[in-house]
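As the structure is a prediction and not an experimental result, all values here were calculated from the model. In the text below, chain A, chain B and the rest are named by the order of the sequence lines, each starting its count at 1.
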Amino acid sequence: MDRERSYDFAAVEERWKKEWVATNPWAAPEIPTGNKRFLVTMFPYPSGDLHMGHVEIFSIHDTLARYSRMQGFQVLNPIGWDAFGLPAENAAIKRGVHPKKWTYENIAKHRASMERLGMSFDWSRVFYTCEPTFYRWNQWLFLQLYERGLAYRKAAAANWCPKDKTVLANEQVIAGRCERCDTPVVKKWLTQWFFKTTDYADRLLDDMELLTGWTERLKNLQRNWIGRSYGAEVNFKIEGRLEPVQVYTTRPDTLWGATFFVVAPEHPLADELVSGTDKEDELVRFREEVGRLSEIDRTSTEREKKGMFTGKYAINPVNDERIPIWLADYVLMDYGTGAIMAVPAHDQRDLEFARAYGLPVRVVIQPPDRELDGDTMTEAYAGEGVMVNSGTFDGTPTTESVAKVTEWLEANNLGRSAKNFRLRDWLISRQRYWGTPIPIVFCDDCGEVAIPYDQLPVVLPDDVDFESQEAASPLATATDWVNVPCPKCGRPSRRETDTMDTFVDSSWYYQRYTDPRNEEAPFDPKKSNAWMPIDQYTGGIEHAVLHLIYTRFVQKFFMDIGMTKDPEPFPALLNQGIITMGGKRMSKSRGNIVEPVEAFERYGADALRLYMLFSGPPEAPFDWPEEGVTSIGRVSAPWLQRVWRLCEDVADMPVAPEGAGRGDAEIALRKLIHRTIKVVTRDYEDFGFNTLIARLQELVNEAYRYRAAGGANRGVLLELVESLLLMLAPMAPYITEEEWRRLGHDESIHGREWPVFDPVMAAEDEVTLVVQVNGKVRDTIEVPVDISEEEMLRRALASPNVQAHLAGKEPTKVIARPPKLISLVVPT
RNA sequence: GCGGGCGUGGUGGAAUGGCUUACACGCCGGCUUUAGGUGCCGGUGCUCGAAAGAGCGUGGGGGUUCGAAUCCCCCCGCCCGCACCA
């Protein structure tokens, strides 16, 4: 073959990119009329240009979109930008540009790179979340939740960076430290807006059975995070107080072992208990001490637990025992009831606290194999056993103790069965500028007032001092914007100056794709229901417990208010593996980075896409070789050249060559084509991109061998290269389009139907029979596929090497798996 | 501590309980080339052997099976998530 002629990827890719950008050939219908596929990849946050992580997931996603179209589906493949967020504000503060300008410039870079990569998005549906036409529906969503009591304001401990004097989002707290200044984060008591995700906790857990296309790994992360536990709520009387206080426990059967009672330091009950006593000052000091601790210190399990005795007592309802009430930093305000019964013999934390403060330890569960002693034990016992020191329950085994005690508590009105969740309500307030304004005003007369729907959107003002260190939130500096008449009474009122967490935007953005220009509603349920649910969602697993829980929550809420029919937005989710170099995340500062733009310039988009897909299974992490972008030039780029030369060779062949018959070589090649279509199609369905590329490489290798051996049947070779191009088109859109046209087609390859294999051609007629003697392979024989068991045995016994290992003995057992295996057993 | 995942050639990785290592990188050789590179063809788990072939080999140990990378038990190592959740 002509080795001089090489594929000019730069010119070809530039030409088709221009054409595709100009014509938007992948626009989806408003409402699908046939089989649909709605494919979504997590929309990007526009900081800088695209990185390799984007390229990886986009390559996977776009391959699925193009493959689906060729399979005859009507595909909705949209894109947008998650355009609000703190990095824009940080960049603005650092460089003195407005966050809007910074954001739009980055979106332009992103978009150019996506176009360069050959993404087949429907660009007519694009939106940015920082536009009022989008975020007004965040405000709409907020009000819908607010009307139903699912958006509410309460005082809570938020992550607070003492240096930046701002509340941080969860995702901005990295290992207990502020991502901006590395200062350890502390909790600060603030009144904030929440979405009541906990109301949906059970459904979030139970509906996981619908998530058939999620990995167990991810579902486990969510289960863990939601953390449902079953137990009982028990009423404890407090001396000198009319109302009893509830505690939550998963081990009501250890109630008789409760030797003290603990309340979280922040608990209002703490104030009540010490009020009017000589402990008031001590409480203030204790709270200060606890509040001063960074999150890192407070949550460290090594740290010694700190406590304070309140001077008051609670009454254990099961035995009327008087037990002291303590405050301790290991009890959390926002889990359960914020108060616990402490059973030091059977809870490690309680035991550590009891030893530190000299509190009694009483064993109420005895293990079967040894005798516990409350005075000397150094480790709490949480295993199986029987109840002791527990009145009439003595002797009850732990297998039934929880149920029995709970039943008894309910019968005697002392408590009730209960469950609890680790999941907390979603704190959505942010003291940031670059986000959706919360549509609430505060009026001296009417209090908290919702902005009426017909006054939406509450537009984010451009002119604010977002660097102000004094203001509670940057929006507070826009005084003209803040001070408005109350929508209810018309008297002066002040707007809420916090903005919404940007995860609100991403919690429903995919719905907007189905109806992106709707000015009456976030989306029309008719259009949404026609496209939803998302047939395949793709994106990073780092969103496992943030975006992927919020989204499921909002989807269920939409279902409850009749906006959508599906309880789950994306039953199938593919998480790509992270890309590293030298085992570390790629970053400019480390210098271990490969820029997509460099790959585009040196090897082209097709080579980059193919390189990513060939590196391994899509969900597997990929450690990029240290040589960087050059590795593309060793792996995928040369192979694309090889494909090009093969196609060009075939295109140049005379139409009816003399003497090119249809011999065994041609038949073998045709059989390989059809077998390849068969297995490649199956691999596409299973995301086995790396293995299907290997199959395509085998096909190309065989074609080269055929040519090298003098084969010249143009018909067979044309069938081969056309099948090859069709199968390659979803992964490498440019070269396949170009070569398809050069082979004489007027229409785009990307609108063509997927090749169908001929079952007769794909069927094997000869296979390799493996002959084993006592489990070891002793020969391999080529046999027809329809060989009988008797014939298999006959041929196996005819093998000299098999005979040698039979050593003259008769097989006592023959296992035949026609036509591929026969296993003979002889006594040894 | 709790939960989950992983361990296969020099490397990335293949392998419905059935020939371990497809495909590719790297390396070795041949051809083409003034040369290098590119390209085309072939070889490449380890040990013994001239070869035929034999033995060993999927982190370690045991088990089930005619047959185990795959299923079961124990151990070792690595990675990830959550972490005072009562």
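- Phosphate proximity of B:rG53 to A:Lys776: absent, as no side-chain N or O sits under 4.0 Å from OP1 or OP2.
- The nearest whole Å value for the distance from the CG atom in A:Asn220 to the P atom in B:rC6 is 12 Å.
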Using atom types as modelled, flag every donor-acceptor pair under 3.5 Å from a side chain in residues 414-421 of chain A to any protein atom, sequence neighbours excluded.
{"unit_1": "A:Arg416", "atom_1": "NH2", "unit_2": "A:Glu233", "atom_2": "OE1", "d": "2.9"}
{"unit_1": "A:Lys419", "atom_1": "NZ", "unit_2": "A:Asp202", "atom_2": "OD1", "d": "3.3"}
{"unit_1": "A:Lys419", "atom_1": "NZ", "unit_2": "A:Asp202", "atom_2": "OD2", "d": "2.6"}

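- With both ends at atom C1', the span from B:rU65 to B:rG10 equals 35 Å, rounded to whole Å.
- Distance check on atom P: B:rC73 versus B:rG3 gives 15 Å, rounded to whole Å.
- Here A:Arg645 does not pair with A:Glu648 in a salt bridge; the nearest charged N to carboxylate O distance is not below 4.0 Å.
- Nucleotides B:rU70 and B:rU8 have their C1' atoms positioned 12 Å apart, rounded to a whole Å.
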All N/O pairs under 3.5 Å across the protein-nucleotides 11-19 of chain B interface:
{"unit_1": "B:rG12", "atom_1": "O2'", "unit_2": "A:Ser615", "atom_2": "O", "d": "2.9"}
{"unit_1": "B:rG13", "atom_1": "O3'", "unit_2": "A:Asn690", "atom_2": "ND2", "d": "3.3"}
{"unit_1": "B:rA14", "atom_1": "OP1", "unit_2": "A:Asn690", "atom_2": "ND2", "d": "3.0"}
{"unit_1": "B:rG18", "atom_1": "O6", "unit_2": "A:Arg817", "atom_2": "NE", "d": "3.4"}
{"unit_1": "B:rG18", "atom_1": "O6", "unit_2": "A:Arg817", "atom_2": "NH2", "d": "3.4"}
{"unit_1": "B:rG18", "atom_1": "N2", "unit_2": "A:Gln772", "atom_2": "OE1", "d": "2.5"}

Pair A:Ser229, A:Tyr248 - check side-chain hydrogen bond (donor to acceptor under 3.5 Å, both in side chains), show working. CA-CA 10 Å; A:Ser229 74; A:Tyr248 173 73; 2.7 Å; yes
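- Secondary-structure annotation of RNA chain B gives the stems B:1-7 with B:76-82, B:10-12 with B:23-25, B:26-31 with B:39-44, B:45-48 with B:53-56, B:59-63 with B:71-75, with a stem taken as at least 3 successive Watson-Crick or G-U pairs whose two distances both fall under 3.5 Å.
- Distance CD1 (A:Ile541) to C1' (B:rC79): 13 Å, rounded to an integer number of Å.
- Of the C1' atoms belonging to B:rG77 and B:rU58, the separation is 16 Å, rounded to the nearest Å.
- Atoms CG (A:Leu806) and C1' (B:rC66) sit 13 Å apart, rounded to a whole Å.
- Residue A:Lys671 places its NZ atom among more than 12 non-hydrogen atoms of other residues, nucleotides or ligands, all under 6.0 Å distant.
- Taking atom C1' on both B:rG57 and B:rA69, the two are 11 Å apart, rounded to the nearest angstrom.
- We find that CZ of A:Arg778 is positioned 13 Å from P of B:rG67, with the value rounded to whole Å.
- As judged by a 4.0 angstrom heavy-atom cut-off over every strand, A:Arg424 is placed among the base-contacting residues.
- Side-chain N/O atoms of A:Tyr704 include none lying less than 4.0 angstrom from OP1 or OP2 on B:rC41.
- Atom CG of A:Leu546 and atom C1' of B:rG81 are 12 Å apart (whole Å).
- Atom OH of A:Tyr330 and atom C1' of B:rA83 are 17 Å apart (whole Å).
- Within the structure, every side-chain polar atom (N or O) of A:Arg707 is placed at least 4.0 Å from both OP1 and OP2 of B:rC40.
- Across B:rA24 and B:rU34, the matching P atoms stand 29 Å from one another, rounded to whole Å.
- Comparing the same atom, C1', in B:rC82 and in B:rG9 gives a spacing of 37 Å after rounding to whole Å.
- A:Asn420 comes within 4.0 angstrom of nothing in the nucleic acid, heavy atoms only.
- B:rC75 and B:rA83 have their P atoms separated by 28 Å, given to the nearest Å.
- For the pair A:Arg217 and B:rC80, the criterion of a side-chain N or O lying under 4.0 Å from OP1 or OP2 is not met.
- Electrostatic pairing of A:Glu321 and A:Arg362 counts as a salt bridge here, judged by a charged N lying under 4.0 Å from a carboxylate O.
- The side chain of A:Tyr248 lies closest to B:rA86, out of B:rA86, B:rC82, B:rA54.
- OP1 and OP2 of B:rA22 both lie 4.0 Å or more from every side-chain N or O belonging to A:Asn701.
- Nearest-nucleotide positions on RNA chain B place A:Glu698 closer to the 5' end than the other of A:Glu698 and A:Ile340.
- Checking B:rA22, B:rC25, B:rC56 against the side-chain heavy atoms of A:Ala694 singles out B:rA22 as nearest.
- Applying the salt bridge (charged side-chain N to carboxylate O under 4.0 Å, His left out) test to A:Arg355 and every residue at least two apart in sequence or in another chain returns nothing.
- For the pair A:Arg642 and B:rA24, the criterion of a side-chain N or O lying under 4.0 Å from OP1 or OP2 is not met.
- Checking the phosphate oxygens (OP1, OP2) of B:rG4, no side-chain nitrogen or oxygen of A:Arg223 falls inside 4.0 Å.
- Relative orientation of the A:Tyr330 and A:Phe353 rings is tilted, given thresholds of 30° and 60° on the angle between their planes.
- Taking atom CG on A:Asn224 and atom P on B:rG1, their separation rounds to 16 Å, with Å as the unit.
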Side-chain donor-acceptor distances from residues 615-622 of chain A under 3.5 Å, at least two apart:
{"unit_1": "A:Ser615", "atom_1": "OG", "unit_2": "A:Met612", "atom_2": "O", "d": "2.8"}

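- Of the candidates B:rC25, B:rA54, B:rA86, the closest approach to any side-chain atom of A:His805 belongs to B:rA54.
- Ion pairing between a basic and an acidic side chain is recognised when a charged N comes within 4.0 Å of a carboxylate O; A:Arg682 and A:Glu685 show no such pairing.
- Under a 4.0 Å N-O distance rule, the pair A:Asp683/A:Arg695 does not qualify as a salt bridge.
- For B:rG9, the glycosidic angle deviates from 0 by 90° or less, giving a syn base.
- Spacing between atom CG of A:Asn575 and atom P of B:rG5 amounts to 15 Å, rounded to whole angstrom units.
- Taking the side chain of A:Leu221 as heavy atoms from C-beta on, and the options B:rG81, B:rG26, B:rA86, the nearest nucleotide is B:rG81.
- Map A:Asn774 and A:Trp639 each onto its nearest nucleotide of RNA chain B; the residue landing nearer the 5' end is A:Trp639.
- Note: A:Trp624 and A:Tyr611 meet the aromatic proximity criterion, with ring centroids under 6.0 Å apart.
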Side-chain atoms of residues 809-820 of chain A: list all donor-acceptor pairs with protein atoms under 3.5 Å, sequence neighbours left out, distances to 0.1 Å.
{"unit_1": "A:Lys809", "atom_1": "NZ", "unit_2": "A:Pro827", "atom_2": "O", "d": "3.0"}
{"unit_1": "A:Thr812", "atom_1": "OG1", "unit_2": "A:Val825", "atom_2": "O", "d": "3.2"}

